[in-house]
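Structure, as structure tokens:
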Amino acid sequence: MHQRHLPASPNWYCSRCSDINGKGVLGFGAKNTIYLLNVTAASPAVTGELTGHTERVSGFVFCSHDGQEHICASTSDDKTVKIWDAEQKILLKEHNVHQSTISAVHWSPVQKLLLVTGDEKGIVVCYWFSSNDTQSFFPEPRTIFCLSCSPHEENYIAVGYKDGMIVVIDISKKGEVIHRLRGHDDEIHALAWCPQPREEPLYWRSEDNTGNQDINGVTEGAEMGCYLASGSRDQTVRIWCTARGKGVMTLKLPFLKRRGAGVDTAVKERLWLTVHWPKGRPSQIVSSCFGGEIIMWDLKKSGKQKWSLLGSSSDGQNHSRIVFNMSSFRSGDRELLLSTSMDREIKCWDLASLECCWTLPTLGGFVYCLSFSPVGTGCLALGIGDSMIRVWNTLSIQNQYDIKTFWQGVKSKVTALAWHPLKEGSLAFGTDDGKVGIYEVYSNKPPQISSTYHRRTIYSLSWGPPVPPMSFGGSGDKPSYSLYSCAGEGVIFQHDLWKLSGEASNIDKLIRDTNNIKHKIPPHTDLSWKPDGSVLAIGNEDGSIEILKAPMLKLLCTVQQHHKIINSLRWHHEHSSQTELQYLLASGSSNAIVYVHDLKSVIESPVLMTEPFRILSGHTNKITSLAWSPHHDGRLVTVSYDGTAQVWDVLKEEPVCNYRGHSGRLLCVQWSTVHPDIVWTGGDDFTLHEWAVSKQEHVTPPKTKKRVEMGKKRGPQKKSKKKKKAPEKGGMKAEERELPLGEEIKGAAGSGAEEGQSDNDEEEEERENTDGPSVTGNGPSFLLSSLALNSAGKWISWARFEDPWYIVYFFHKILDLSLKKRKPRSILPLSTSMDHRPKEELQQDCLTLAAVRYSHGSADHIQLGLFTDRDALYRMFQEEGDHVEAGHYDSMVYLRLWKGDLIGAINLAVEKGELTDHLLSLAPMAGYQVWARTVEAYVKQLCQHEQFLKAASHLVSIHKLYEAINLLKSHQFYREAIALARARLQPEDPVLKDLYMSWAAVLEKDGHYAAAAKCYLAADSSFDAAKVIAKKGDVISLRTAANLAQISGESELAHSLSLRCAKDLMLFQDWAAAQKVLRMQDSLLGHRLVFCVNEILTQRLADTDVVTWSVASSHTWSKSCDENFLSTVHRVWQSEFGVAAADLVKVKTLHQQLRAIENPPATTSVPLKQLLFHISLDVTLCALSQLLCDWPSVLEDLLRALTRGSEVGHFTLMTEVCQLLLTQGLESVTFYKQKLDPTDERSLVISQSVEAFVCYQLMYKKWWNYSAETSALTNNTFSNGLCLTEKNHSEVEANCNEEAQSDVIFSEGFWKVLLSEPHANLQATQRAIAEIQRRVTSLIQQHNQCKDSHESSQALSTSQSETSEEHGGSLNVMECCIVLLHMGKYLTPFPQHICSKATTLLCKYGTTESLCKAWKRLTQ
């Protein structure tokens, strides 16, 4: 059904979750599914799936008996054991005897009908397949980790436990424990029996001293029984003798280093030690290791290293993380091993060669997105929910699963991908946490991450032309493409590729401004640029599609065809045979219908769009993605939550085929860019499928049984009523709530459509439900679906209400209670309670009150205080106050206020921390001092409740201004503190400056440099302001900082920042911007000259192979011309910068300024652009010296410029610079020599060095010319087996003679310059010193001497470097001698005495091994 298939990743931390049968069928558990693969030594092929478990598959095993290899078993966390037919892919039988999670499974190699399983409670269950009988054993009260049935004794089962114990039980004796094997002290991860029935002699060290062994530690004879191997988390593999129940060998895992790093042995949780005993290798076992390595142990091998590493011949063969399961089978004459790992790869190994045959990548998450590169043919990018990006070279011939994985910087589910339209290997990605980044997949660099994050999941990414504000500026100031991202909060950001660290722009602002929109813009859910970049289509949450014209995003029309969220938009490709098809826009939404609109008339002359071009209906659930075929006209493929992919003929409005190979909902689709019949789909089943359109048997998506029944019922019948869903917040997609396994995607379903019902049906139901009853009111809310209140006020379960009449009565009581008004609590509770005594006591109170009123008795009864005199009332207040102190402080305060005791009320509130604004407003009645103390107490109370702004305001009210400012400052309210200080303090108050400086420090630490700069400026610290802005380091920040420093009078800082900014622009080859920055500072005129020379030099070298990069911007005066280089420089200086020989003072000043600059010494690691800048400085000094007629300096600067190319080994650069500066070669040098003072020996030496450089490059040029001519002559002579004609041969000889006659430069003076014996002697001495230094350093390192020796080594190094620098720039004389002798022997003869001199110099000074080898190779 499908071509290639990336399955889900095998489950982790299972003792046996994969197995292979004798026919080469591999099965493994992934999530709750079992995948089946046909395996050969060449490649794997996924053949199907076994589905039925509801939870994670914890074990899988095949029956190994002949004729029953297709029978297999699986266990799951759903506590069931299932028996399958792998050929028919059907379930045969199952049982659920286990009551706990099943952790181990094995099919008996001896009893073909016996399946054994174990669980975490220690129960071992034996299940006989044919009779359906089960028998349970409980050998040990421990957690079982693994088990293995003996291949030789049908009743023996080895069981490994979590605590390191291993037991061998006999099921024929009711699970009696035969042996307890103690030795491991941690989890047993795997057990493997030796395939050989007898315990043959092994090379071992007995773990007890009573066993049979000779002096060499070799067993004397074979014993009955069978060896058992165990792998444990304690980092050891042990071999056990089951005949005696003893351990016979312990194998400690080796610490293998990878990529220069050791293994952290303390991290045990990263280790899973699985073991496998291949059937045909009784003396060899295979085990996993710490970091994913697989090693083979030779049990008969003596010595310490008994192991061999699989895949050691080349890097990248081993797993990169721990291995969980291994199994083997024989394919022809090769024994193959299959391994699964945490790195989500399945590998096949050849056990004979120990090499990896193939690797099958698997997927650990939803396949959210697919994208084919428009530049790299067949390069498919996958965005997966396991926080990784995979790039698949689908056209690879040698490896059909050639996949690279990228994880660095991702750290979340990858939900969107987009390749750059032009730049090869540039891949943009978006993640579940709102991150947008760009990977360069052909480099090892980490991704560039945009500093602007979305608040929700990224739905889509698209490359398109820049729109304002990014499109403003010249062509060199903006990239040709911008990256657009759309996310769950409904916002589309435009990211600047050149400034990803800068803030991205929200295009909604441009849309509002351009179209004068006042209303709320609906949240966006997808976008798609027309391939020519002229029109942008935006899909919205309300189902509308906006068509906008670039670059100002003028709204052409709004398509309101869908009424649900837009999930996908795609424009038809432009290379169609029918040009009008490029205006087709396909859209898919959550209403399961695809609309195709023809927008040609809208784009060319805006009109109202009312009807779609085509309507494609057939899917039974929401559309998640769609793609046009790049090979056909009007061919579209769509994928849906109904689990199928549908191909449509849009022009005919007909379905073509339907693909049903996935077991879950589909999320993405791509049409192959190479093969017109191939489509790729991915979904929430963790798989990626490649399938052929022509091989599908179905035409339309399936209609589920429930959907058909619902269609029949549709009509006058009333639908069941549903409660309407609560609206989502923040523009969140309504469907994002219900996502399988915690995954989140755009348009995830949460409706009745999951059962086959369309979303249209759901909406109709919701519209009909508007007249249903609802419970509303001002009382407390209740969770009607789960809980209710009983009469005692306690929560009780809804499940207890079985009687429907009781439910109605109960809710009526609740509603009555909720509608009753609650009586407020009395401020005099004791008096009130006394009025609720029995009738007799109340009547007695009346008599007592009458006696008091009319007989003048005493009123000691407090309940009568309200009805007698004030003293009685006060006594009642006192009693009430004592009673209220239980917690009702406000009541007590009110009583004191009513008594007129304002100070007492305030003191009580202060003591209890119950001050209020009301009490504070009454405090001035007691005097200023009381009010001030009350305010201070209230401030402390507010600070305890973190109401700092309110507290500061109260401090201001009592004129404690500085305390209020300090309060705000101490709690990081800098903005408010500054506002208060600015409003109330004098401008020169030092507190204000301290606030600004403190806030600036905090902002700078947090990376808010612009805000920090404003604080520094307000504090009159302009220098710090400029420095902090420059801290970001980008060009814009540097330019701003330089301008700020210039405005504020910091000239030196402005000078340095401008120069730094200009150098950064120079690296981007933006010459116009660099000169503009330098022009702002008059003091940078000298540097402007250097940049001018650098620009002219770069333009001249662009015609050669030296400069290969493009130029962002340049000046017209820098274009290449036939004029002499230095003459061009002088002309441009005079016309553009006003620098000429007439103004000697200005020239001299500039010369002194630039002479003070020191460039670092040239090394091979210096970038070419920087090296050219250094050469430009030397050339600038040379040109200035020429204007000053300082000829010794001219030659010195010339020599320095030529030397730089030689020092880095860049011969081409040296040659081109030499030809530019010395156009006439030796004649140019002679011209300069004539200007020198004959008595100036230093200048004459420098001129000789310049001559040597000219001769050096001429020598090589002539050598290569001769070599090319000789090669051409030889090739032409013997071309096609025919000789040259006599005429052609004579023409070639004539040309050679002409060149030989014109070659007058090879004179004795020419070779005298190159074959300088003093220089040869000096260079020989330098080589000898270097060799001595190397040996001394080696000795020092070997003997590891202390500080003095180390310092002496450094001193020798310094001495040698100083010697080299002092005589730097001199050419290698020995090299010239060898080239001369080679040319003289093979190309053209030279005078005998010159050859003799070269030979003499070589014999005398060329004694090093490398020179001797070169001499022999080129001259003998």
Side-chain angles (χ1 to χ4, degrees), residues 15-29 33-34 36 47-54 57-119 122-139 144 146-159 168-176 178 191 193 195 197 226 279 327 329:
S15 62
R16 194 191 308 272
C17 201
S18 67
D19 195 17
I20 191 166
N21 64 14
K23 295 182 178 180
V25 177
L26 173 69
F28 63 86
T33 305
I34 299 150
L36 301 175
T47 58
E49 304 169 5
L50 303 176
T51 57
H53 286 293
T54 58
V57 174
S58 59
F60 178 80
V61 65
F62 274 107
C63 178
S64 59
H65 298 276
D66 293 340
Q68 289 190 335
E69 294 92 343
H70 60 286
I71 304 298
C72 57
S74 63
T75 62
S76 169
D77 290 347
D78 60 13
K79 302 174 186 176
T80 63
V81 178
K82 296 181 184 290
I83 313 297
W84 308 85
D85 186 330
E87 290 182 352
Q88 302 295 326
K89 299 178 180 61
I90 57 174
L91 178 65
L92 301 177
K93 293 183 179 181
E94 68 175 303
H95 76 79
N96 54 359
V97 176
H98 288 280
Q99 300 300 311
S100 299
T101 302
I102 305 171
S103 55
V105 61
H106 195 213
W107 205 301
S108 173
V110 181
Q111 297 190 50
K112 64 180 181 179
L113 302 177
L114 174 61
L115 178 69
V116 183
T117 54
D119 62 31
I123 304 297
V124 176
V125 175
C126 294
Y127 174 71
W128 280 268
F129 168 55
S130 60
S131 61
N132 258 2
D133 293 335
T134 60
Q135 190 173 3
S136 299
F137 306 101
F138 187 50
I144 295 176
C146 58
L147 60 80
S148 182
C149 301
S150 171
H152 312 297
E153 173 55 55
E154 65 178 10
N155 295 318
Y156 279 15
I157 301 173
V159 183
V168 179
I169 63 173
D170 188 342
I171 60 174
S172 65
K173 299 179 181 180
K174 299 182 179 180
E176 176 184 342
I178 305 300
L191 294 170
W193 293 88
C226 181
K279 290 184 179 180
S327 54
F329 82 110

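Note that this is a predicted model, so its numbers are computed, not measured.
Of all the heavy atoms in Ala86 and Phe62, the pair that sits closest is CB-CE2, 4.1 Å. When all heavy atoms of Cys72 and Trp107 are compared, the pair lying nearest together is C-CZ3, 4.0 Å. Closest heavy-atom contact between Leu147 and Val105: CD1-C, 4.1 Å. The minimum heavy-atom distance between Val124 and Ile144, with the atom names listed, is CG2-CD1, 3.7 Å. Across all non-hydrogen atoms, the minimal contact from Ile102 to Gly118 is CG2-O, 3.4 Å. Nearest heavy-atom pair, His98 versus Ile123, reported as atom, atom and distance to 0.1 Å: CE1-O, 3.8 Å.
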Original post:
What do the steps show when you test Cys126 against Trp128 for side-chain contact (heavy atoms from CB on, under 4.5 Å), and what is the final call?
Top reply: CA-CA 7 Å; Cys126 294; Trp128 280 268; 3.7 Å; yes
**OP:** Show the numbers, then the answer: is there a side-chain contact (heavy atoms from CB on, under 4.5 Å) between Gln135 and Ile171?
**Re:** CA-CA 9 Å; Gln135 190 173 3; Ile171 60 174; 5.9 Å; no
**OP:** Could you go through the side-chain contact (heavy atoms from CB on, under 4.5 Å) check for Asp77 and His53 one step at a time?
**Re:** CA-CA 9 Å; Asp77 290 347; His53 286 293; over 6 Å; no
Subject >> Candidate pair His152 and Val110, rule side-chain contact (heavy atoms from CB on, under 4.5 Å), full reasoning >> reply: CA-CA 7 Å; His152 312 297; Val110 181; 5.9 Å; no
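Using a 4.5 Å cut-off on side-chain heavy atoms (C-beta onward), Asp19 and Ser64 make no contact. Residues Val61 and His106 form a side-chain contact, since some pair of their non-hydrogen atoms from C-beta on lies under 4.5 Å apart. Considering only heavy atoms from C-beta on, Pro195 stays 4.5 Å or farther from Pro151 through its side chain.
Interatomic distance, Phe137 CZ to Ile169 CD1, rounded to the nearest 0.5 Å: 6.5 Å. Atom-to-atom distance recorded for Ser130:OG and Leu114:CG is 10.0 Å, nearest 0.5 angstrom. Distance check, rounded to the nearest 0.5 Å: OG1 of Thr75 to CZ of Arg16 gives 10.5 Å. Expressed to the nearest 0.5 Å, how far CG of Leu115 lies from OG1 of Thr134 amounts to 11.5 Å. The structure places CD of Glu154 at 13.0 Å from NZ of Lys112, a figure rounded to the nearest 0.5 Å. Here the straight-line distance linking atom OG of Ser76 with atom CD of Glu94 works out to 10.5 Å at 0.5 Å rounding.
A search for salt bridge (charged side-chain N to carboxylate O under 4.0 Å, His left out) contacts involving Glu176 returns nothing, not counting sequence neighbours. Partners of Trp84 according to the side chain to side chain donor-acceptor pair (under 3.5 Å) rule, which considers only residues two or more places apart in sequence or in another chain, are Ser74.
Between the side chain of Ser58 and the backbone N or O of Ser103, no donor-acceptor pair lies under 3.5 Å. For the pair Asn21 (side chain) and Glu69 (backbone), a donor-acceptor distance under 3.5 Å is present. Side-chain N or O atoms of Lys93 include one that pairs as donor or acceptor with a backbone N or O of Phe129 at under 3.5 Å. Formation of a donor-acceptor pair under 3.5 Å by the His65 side chain with backbone atoms of Ser108 is found in this model.
Classification of the His95-Tyr127 ring pair by plane angle, with boundaries at 30° and 60°, yields tilted.
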